[in-house]
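In what follows, every heavy atom counts, from backbone to side chain, and hydrogens, waters and symmetry copies are set aside. The first residue of the sequence shown is numbered 1, and numbering continues consecutively from there.
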Amino acid sequence: MGLLHSRPTTKSFAWLTFCPEGRHPDLRKEFGIAFVFIAHDLGVVRHFCDRVAVMYLGRVAKIADRDALYGTPQHPYTQALLSAVPDLGTVRGAAPKPRIRLAGDVPGPMDPPTGCRFRSRCWKAEEVCATTTPPLVQVGTGHTAACHFAGSLDDEPAAAPVA
C-alpha cells in the first residue's frame, strides 16, 4: 500500500516540524505503507524521509539517502536549498552557517533553459551547462546528481552563471 501526499507540510503534517528530532511516530512501519512525500520544507523532509529526490523545473536534480543529502550535498541547487533551512545551532551559540543567495529570476517551466535547467542561477555554470543536459550520475555512496560540476561547497564557483 502507498500514500501520495502533496505539500504535507502546509496543513495535516505540520506537526512534524514541532516534534523533537527522531521522536515523530514512524507511520511507515506502524501502518506498513510507503509514502511519496512532496514538500518544499527540507527541514521536515529530513525527519520524515529515508531517501530524497530534489527537483528543479520538473527535472530531477539529485537523488540521495537522507544522511548523504544533508551531510554532503553535491548539487548546487541542493546546497542552496539547504542553506535556506533555519539553523537552530545559532540559538545554541554556534556561528551561523553561510547562506547561498541565488541570483536572477526562476526561469519559466513552459520555456526552461537549454542544457541544465538550473544553469541561469548557478554559480558553477559554464558553457557546457548551456549545451548539454547533465545526466544523473553517481557522485558518492547513495548519491546521484545531474550536474556537470557536482561537488562540495568548498569548490571554487565559476565566474558567473551562463545565461
Joint hydrophobic cluster, Y77 plus Y70, side-chain heavy atoms closer than 4.5 Å: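 Linked, Y77 and Y70 end up in one cluster.
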ILVMFWY cluster, V54 and V139 together (side-chain gap under 4.5 Å):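 Unlinked, V54 and V139 end up in two clusters.
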Side-chain heavy-atom pair [X], [Y] within 4.5 angstrom cut-off:
X	Y	result
V85	R46	no
T72	H143	yes
L69	V45	no
Q79	P73	yes
L81	Y56	no
C129	F149	yes

For the residue pair [X] and [Y], what are the closest heavy atoms and their distance?
X	Y	value
L57	P107	CD2-O, 3.4 Å
L82	K97	O-NZ, 3.0 Å
H148	T132	NE2-O, 2.8 Å
A68	G142	CB-O, 4.4 Å
D105	R121	O-CD, 3.7 Å
C147	P134	N-CB, 3.6 Å

Atom pair CZ (R66) and CG (L42), whose distance is rounded to the nearest 0.5 Å: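 Reported value, rounded in 0.5 Å steps: 13.0 Å.
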Value rounded to 0.5 Å, distance of CE in M55 from NZ in K62: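 Separation between the atoms: 15.0 Å.
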Under 3.5 Å donor-acceptor, R119 side chain and T114 backbone: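 A pair under 3.5 Å: yes.
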Polar side-chain atom of T144 near backbone of L136 as donor-acceptor pair, under 3.5 Å: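 Side chain of T144 to backbone of L136: no pair is present.
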Whether W123 and F118 hold their rings parallel, tilted or perpendicular, with breakpoints at 30° and 60°: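 Geometry flag for F118 against W123: perpendicular rings.
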